[in-house]
Amino acid sequence: MTTAHGPSTPKIVQDLPVIDIEDISFWYGEHPALRNVTMSIERHGITAYIGPSGCGKTTLLRLMNRMNDLVPRIRMTGSIRMNGEDIYGPDVDVTRLRRRVGMVFQQPNPFPKSIYENVAYGPRIHGVKSGGFLDEIVERCLRRAVLWEEVQDQLEESALELSAGQQQRLCIARAVAVEPEVLLMDEPCSSLDPVATSRIEELMLDLKEDYTIVIVTHNMQQAARVSDFTAFMLHGELVETGVTDAMFTTPRDRRTEDYITGRAG
Amino acid sequence: MGSKWSKDDALIWLSGGGLVLCFLMVAGLVLVIAVQGLARFWPQDLTRYVLRDGSIILGHETSRAGVRTIGSAGERSVAYRLRVETGNRERYPQGYVWLEEARIAGQDNPREAVVVEQVRAGEIFGFLDSFVDDGAVVARGYDAVRAHYQAQYPELERLRRQRALSIVLSSADGRQHTVSLANVRHIYAPNAMTAWDRIRHYAAGAWSFLWTPPRDENRHGGVFPAIFGTAAMVILMSVVVMPFGILAALYLREYGSPGPFLNAVRIAVNSLAGVPSIVFGVFGLGFFVYFLGGTLDRLFYPEDLPAPTFGQGGILWCALTLALLTLPVVIVAVEEGLAGVPLKLREASHALGATRFETLWRVVVPVVLPSILTGLILSVARAAGTVAPLMIIGAVAFAPELPVDGVWPFVHLEREFMHLGYHIFDTGFRPAGGEAALPMAYTTTLLLLVIVVVLNAAAIGLRSRLRRLYSLSAGQA
Amino acid sequence: MTERTRHRRMDRRRLMDLLVGRLAALGGTVLILTILSVFAVLLWVIYPLFLSPAEYRWGISGPDGSEPGQSLLPLIFGTLKGAVYALLFAVPVSVLAALYASQFLPRTLKETLKPLVEIMAAVPTVVLGFIGGVWLAPYLASHVFALFLAPVSISGAVVAVFVLRHRAPALFRVFRHPGREIWLLLVAVLAGGWLALECGALLEAAYLHAGYNTWFKESLGITYEQRNAVVVGMVMGLAVTPIIFTISEEALSVVPRSFSEGSLSLGATRWQTAVRIVLPAAGAGILAAVLLAFSRAIGETMIVVFVSGNVPDLDWSAFSGFMALSAGVALELPNAVRDGSLFRVLFLAAFLLLVSTFAVNTVAELVRRRLRRRYA
């Protein structure tokens with residue numbers, strides 16, 4: 001990484017997984033949400049989590065950047081390591097972790113600020129002050145999210161004026177602006193129409209050159225179209241995980257097969 | 001709908017009557033205040049009443065009342081009488097007389113009748129007789145005196161310091177009365193005024209009401225020190241209440257983790273909101289004035305003791321007491337704003353690696369700013385209208401010194417001060433100036449009412465705009 | 001940026017976060033301390049009263065004999081009297097109004113009504129007290145018959161206009177539009193009020209020999225004081241009306257629609273549904289509203305100062321004045337010698353106000369919370 005605010009990850013051999021999830025169990029109050037989940041997320045690929053509502057996909061996703069820290073009365077066992085370092089370790093700075101693991105949410109959630117300020121928000125809080133440099137980042141990220149052409153003349157206008165699909169791409173640009181290693185996407189297309197959805201999917205395929213992407217989706221076709229690896233979850237358990245093509249053609253587990261073929265879930 | 005109707009519909013209709021009655025009563029009271037308060041500056045015609053016994057009285061009617069009597073034969077009758085404002089308090093100490101209509105032989109509105117507004121001792125109604133310059137009569141008669149007065153007017157300030165200028169007035173029954181020009185504020189002949197003159201007179205009166213101190217035991221003049229005192233106290237209060245209110249709201253909504261302490265804070269806010277204002281006054285007297293003030297005096301002003309400096313009612317203690325009173329107002333408004341900021345915005349910020357404070361400062365606060373402003377406005381309106389605690393700690397009927405002036409250290413936090421609400425209490429409840437001070441109290445009441453209503457309307461408008469904004473952004477997502 | 005400067009920057013950010021969190025907690029602490037110190041300071045001043053012999057405890061007379069006897073009993077009585085009369089006036093009017101607003105008023109009109117009520121609630125009580133004491137009290141004192149007639153004539157006029165509208169709908173076509181009937185109601189109420197004034201004047205001419213004071217003495221055997229409980233009831237009633245209205249309206253509005261739809265489907269009329277289904281379902285909320293209004297009336301100062309006449313009597317008569325605890329404190333405390341017995345007794349009065357409003361508010365809050373849980 002060459003920019004001044006780039007992440008300072010130690011160079012790690014490329015073919016090791018980015019995130020190792022080991023024996024994670026998780027409870028909201030007394031209600032168990034995850035049971036003994038173990039898997040790893042491969043670098044520079046798209047990993048998709050599929051499964052019926054309430055199976056724990058989103059919970060697992062939110063554990064990877066510790067967004068669940070904000071929820072009261074939770075309990076967790078097991079460990080999650082990123083590049084070998086336990087992200088729930090005592091010395092971990094949560095804000096730095098979240099910077100390395102970006103997130104895009106189910107509903108587009110731009111700040112009620114201008115388009116420019118939305119993208120500049122992350123770099124600003126991480127210490128980028130110079131205007132020219134900031135302009136550069138904003139343009140690069142908007143281009144990266146294939147939004148630049150549409151909004152270059154209205155950077156100072158409120159982000160709330162954009163269409164839902166544009167807003168979601170803006171949120172991706174905003175996430176990319178802090179140069180994360182991993183990008184978590186929590187059903188990023190669930191509130192979008194088919195055209196906007198396909199643009200986001202193209203964007204994901206494009207982004208995986210630089211980032212590791214983890215996506216939670218309801219939509220099995222979407223998982224089949226974009227992901228390299230797929231994990232199927234049911235009732236808080238990880239049922240099956242593997243290369244997407246193999247999983248969709250020859251699922252090993254009966255429950256996976258039922259879900260994929262539409263017999264259950 | 002035909003002609004069919006049931007008892008039930010009539011009852012619904014009747015319950016609507018309850019709603020309308022509430023509003024009509026409030027509207028009626030406001031109307032009375034408005035009419036009485038606004039009428040004050042309008043120059044009223046002077047009427048000369050000639051009574052059957054030959055005496056003559058100059059004044060204007062303020063009301064008419066019937067008195068019931070039973071004659072010797074048991075027959076009932078009603079006699080009406082007029083309440084006539086007379087001015088000339090040297091002769092009519094009450095400033096008005098009752099005239100039985102039966103005693104009045106005739107009346108007219110003489111064009112030459114004038115009102116002399118004095119600096120002290122109220123108004124005098126009469127006729128211009130002569131203009132006296134150092135003992136020598138220089139003009140005589142209405143036109144001549146008027147012309148002379150008007151010619152001298154631009155230089156009056158200078159002239160009356162050099163020479164003893166005075167005007168001789170003759171009252172309606174011919175008695176002479178000399179008024180020194182040093183004591184004259186204004187002379188006008190209401191009966192000769194055109195509509196335009198009256199409007200100008202009205203505007204000047206309203207203007208001086210806002211910008212001059214009261215004169216003549218609150219019967220005349222304005223309420224500038226009360227406006228100033230109220231504003232100074234409210235500003236002082238805001239400086240205290242806003243940071244604490246915002247912090248407490250932040251604790252309740254953002255930083256506090258669920259548990260007994262958060263519950264205790266929540267209960268404290270609710271309890272504080274329910275404490276009667278008079279109890280805050282008593283607490284302020286016991287804690288701020290006697291305890292804190294007494295301690296300050298012992299530590300910093302021992303040379304003045306036993307005369308208290310901070311150990312008596314003053315603007316600072318009033319501001320602090322009202323800050324406690326309005327704290328829940330601010331907290332509730334800011335909390336409402338914080339509750340309106342969608343969780344997804346906070347999550348977005350956290351996901352980008354922002355700390356809680358950074359999220360708050362850069363994402364939440366800009367959205368909540370109008371709510372904070374709403375809280376400020378509402379607390380200011382509340383403080384401007386709250387009187388009970390001030391009766392105990394620090395507001396006074398007449399304070400010649402403003403709490404902020406050109407004397408070191410410029411801001412005098414220990415001073416007693418005048419307050420609009422307290423001024424209403426003082427002039428309305430136990431007027432030192434008698435009933436003649438009531439019109440002024442009406443005008444002050446109107447002023448306070450307008451201030452409070454405008455502030456509240458602004459807050460309501462701001463809040464509803466904010467709510468629309470939220471629902472808009474929520475609807476788009 | 002090197003690793004070290006990055007860490008330093010991170011520390012500063014985390015420090016700032018911590019600092020603001022601590023400050024916010026401090027704000028919360030200040031709140032708790034404030035409410036505790038209000039209790040503590042009052043108790044600190046009044047506890048010597050409890051060390052003195054029992055007959056001085058409630059301020060029956062000054063323990064050192066140097067100050068005139070100050071009994072709190074008539075003041076406690078006066079406070080209750082004022083609050084009761086205020087509720088007698090406010091509860092029927094505002095609960096009816098809330099029922100109408102929540103069940104029968106078009107939504108758009110309700111939205112314009114809310115800010116009006118809010119502004120009504122914001123009118124300073126010194127303004128209401130002033131106009132009540134200086135204008136309304138003397139005015140009513142010279143229109144007593146009209147005052148007696150008003151409830152009958154106003155409701156009579158409202159019903160009459162209603163009947164007329166149904167008999168001759170053509171006359172009122174302008175008011176057919178939903179929501180416009182409110183203007184018709186306005187006219188009806190005004191007409192009723194005017195009728196009361198006119199009939200009052202006729203009655204005066206017929207029955208009044210020498211003013212109302214004599215009439216009251218001769219006919220009813222009581223004295224009529226200009227500043228009396230009825231005027232307090234009306235003015236303070238107006239002051240607490242927005243509280244009762246707002247909270248009852250909220251309680252009535254959250255009653256699930258399915259309730260009233262069930263009732264209507266059984267053939268009940270709108271009014272039957274409102275009174276038999278919706279009103280009882282919102283009963284707890286209305287009770288809470290009345291309790292909160294009661295506590296406001298107890299603590300209210302400026303209105304009783306102006307309108308109650310401030311005579312410490314024990315007399316339930318509607319036409320006599322009284323003195324309330326709050327007015328006693330406000331009027332006497334500025335003259336009380338510091339730490340004298342009067343001073344302490346007045347602090348005791350304030351403490352009584354504090355404790356009683358606190359208790360009533362707490363009960364009201366509990367009632368409200370229960371209701372909220374039921375329909376949440």
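Every heavy atom of this structure was used, including side-chain atoms; hydrogens, water molecules and symmetry mates were not. Residue numbers begin at 1 in each chain, while the letters A, B, ... track the order of the sequences.
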S.K.: Side chain, backbone, both or neither: which part of B:A388 has a non-hydrogen atom closer than 4.5 Å to chain C?
M.R.: both
S.K.: Between B:F287, B:W361, B:F23, B:F244, who has the most heavy-atom pairs with chain C when the cutoff is under 4.5 Å?
M.R.: B:F23
S.K.: Which region of B:A459, side chain (C-beta onward) or backbone (N, CA, C, O), has a non-hydrogen atom less than 4.5 Å from a non-hydrogen atom of chain C, or is it both or neither?
M.R.: neither
S.K.: Name the region of C:T241, side chain, backbone, both or neither, that has any atom closer than 4.5 Å to a heavy atom of chain B.
M.R.: side chain
S.K.: If I measure from the heavy atoms of chain C, does B:V282 come under 4.5 Å with its side chain, its backbone, both, or neither?
M.R.: both
S.K.: Could you grab the distance from atom CG of B:N270 to atom CD of C:E365, nearest 0.5 Å is fine?
M.R.: 5.5 Å
S.K.: Quick test of your reading: applying side chain to side chain donor-acceptor pair (under 3.5 Å), list the pairs with at least one residue in residues 122-136 of chain C, sequence neighbours left out, ordered by first then second residue.
M.R.: C:T125-C:E300
S.K.: With a 6.0 Å cut-off (strictly less than), is the heavy-atom count around CZ of C:R338, excluding the residue itself, greater than 12?
M.R.: yes
S.K.: If you count heavy-atom pairs under 4.5 Å with chain C, which of B:V269, B:T444, B:L285 comes out on top?
M.R.: B:L285
S.K.: Under 4.5 Å heavy-atom distance to chain B, tell me which part of C:L128 shows up: side chain, backbone, both or neither.
M.R.: side chain
S.K.: Going by heavy atoms in the side chains, are B:M391 and C:L331 under 4.5 Å from each other?
M.R.: yes
S.K.: Need one label for C:A188: side chain, backbone, both or neither, based on atoms under 4.5 Å from any heavy atom in chain B.
M.R.: neither
S.K.: Measuring from atom CG of B:L449 to atom CD1 of C:I119, what distance do you get when rounded to the nearest 0.5 angstrom?
M.R.: 10.0 Å
S.K.: What part of C:S326 lies closer than 4.5 angstrom to a heavy atom of chain B: side chain, backbone, both or neither?
M.R.: both
S.K.: B:Y290: which residues meet the side chain to side chain donor-acceptor pair (under 3.5 Å) condition with it, sequence neighbours left out?
M.R.: none
S.K.: Give, as side chain, backbone, both or neither, the part of B:Y255 having an atom under 4.5 angstrom from any heavy atom of chain C.
M.R.: side chain
S.K.: Counting only non-hydrogen atoms closer than 4.5 Å, does C:F351 touch chain B with its backbone (N, CA, C, O), its side chain (CB onward), both, or neither?
M.R.: neither
S.K.: For a side chain to side chain contact (heavy atoms under 4.5 Å, CB included) check, start with the C-alpha distance between B:L438 and C:F130, then their side-chain angles and the critical distance, and finish with the verdict.
M.R.: CA-CA 10 Å; B:L438 279 186; C:F130 169 78; 4.3 Å; yes
S.K.: Between C:N361, C:I32, C:V93, which shows the greatest number of heavy-atom pairs under 4.5 Å with chain B?
M.R.: C:I32
S.K.: Any chance you could lay out the side chain to side chain contact (heavy atoms under 4.5 Å, CB included) test for B:Y422 and C:V126, step after step, and finish with the verdict?
M.R.: CA-CA 8 Å; B:Y422 187 83; C:V126 67; over 6 Å; no
S.K.: Would you call the rings of C:F162 and B:W13 parallel, tilted or perpendicular, where under 30° means parallel and over 60° means perpendicular?
M.R.: tilted
S.K.: Rounded to the nearest 0.5 Å, what's the gap from CG on B:L324 to CG on C:L31? Could you check?
M.R.: 9.5 Å
S.K.: B:G428 and C:V134: which non-hydrogen atoms are nearest, and at how many Å?
M.R.: O-CG2, 3.8 Å
S.K.: For each of C:V30, C:V45, C:L99, tally heavy-atom pairs with chain B at distances under 4.5 Å, and name the one with the top tally.
M.R.: C:V30
S.K.: Please report the closest heavy-atom contact between B:C22 and C:L238, naming both atoms and the distance.
M.R.: O-CD2, 4.1 Å
S.K.: Can you say whether B:I12 sits under 4.5 Å from chain C via the side chain, the backbone, both, or neither, judging by heavy atoms?
M.R.: both
S.K.: Heavy-atom pairs under 4.5 Å with chain B - which of C:V329, C:V159, C:L26 has more of them than the others?
M.R.: C:V329
S.K.: What residue, out of C:L185, C:T301, C:V235, has the most heavy-atom pairs lying under 4.5 Å from chain B?
M.R.: C:L185
S.K.: For C:M16 and B:T355: C-alpha separation, side-chain torsions, deciding distance, then whether side chain to side chain contact (heavy atoms under 4.5 Å, CB included) applies.
M.R.: CA-CA 9 Å; C:M16 193 68 193; B:T355 63; over 6 Å; no
S.K.: Just do the side chain to side chain contact (heavy atoms under 4.5 Å, CB included) check on B:Y442 and C:I131 with the steps written out, would you?
M.R.: CA-CA 8 Å; B:Y442 272 108; C:I131 194 73; 3.6 Å; yes
S.K.: Which of the residues B:G421, B:A441, B:G461 is involved in the greatest number of heavy-atom pairs with chain C at under 4.5 angstrom?
M.R.: B:A441
S.K.: Looking at C:V360, C:L292, C:V41, which one has more heavy-atom pairs under 4.5 Å with chain B than the rest?
M.R.: C:V41
S.K.: Which atoms of B:R382 come close to chain C, meaning under 4.5 Å heavy atom to heavy atom: side chain ones, backbone ones, both, or neither?
M.R.: neither
S.K.: Non-hydrogen atoms of chain C under 4.5 Å away: do they reach the side chain of B:Q36, the backbone, both or neither?
M.R.: side chain
S.K.: Using heavy-atom distances under 4.5 Å, tell me whether C:F39 contacts chain B through its side chain, its backbone, both, or neither.
M.R.: neither
S.K.: With the side chain counted from C-beta on, respond yes when C:L42 and B:V279 share a heavy-atom pair under 4.5 Å apart, and no when they do not.
M.R.: yes
S.K.: For chain C, which of B:L250, B:V275, B:L24 has the most heavy-atom pairs under 4.5 Å?
M.R.: B:L24
S.K.: Please identify, among B:I33, B:I267, B:I331, B:V30, the residue contributing the most non-hydrogen atom pairs under 4.5 Å to chain C.
M.R.: B:I33
S.K.: Just so I understand: if I count every heavy-atom pair under 4.5 Å between each of C:P124, C:G129, C:G27 and chain B, which residue has the most?
M.R.: C:P124
S.K.: Please classify the contact of C:S142 with chain B as side chain, backbone, both or neither, using a heavy-atom distance under 4.5 Å.
M.R.: neither
S.K.: What's the spacing between C:M120 CE and B:N456 CG if we round to 0.5 Å?
M.R.: 13.5 Å
S.K.: Give, as side chain, backbone, both or neither, the part of B:L272 having an atom under 4.5 angstrom from any heavy atom of chain C.
M.R.: both
S.K.: First locate atom CG of B:L247, then atom CG of C:L23, and finally report the distance between them rounded to the nearest 0.5 Å.
M.R.: 5.5 Å
S.K.: To the nearest 0.5 Å, what is the distance between CG (B:L378) and CD (C:E118)?
M.R.: 7.5 Å
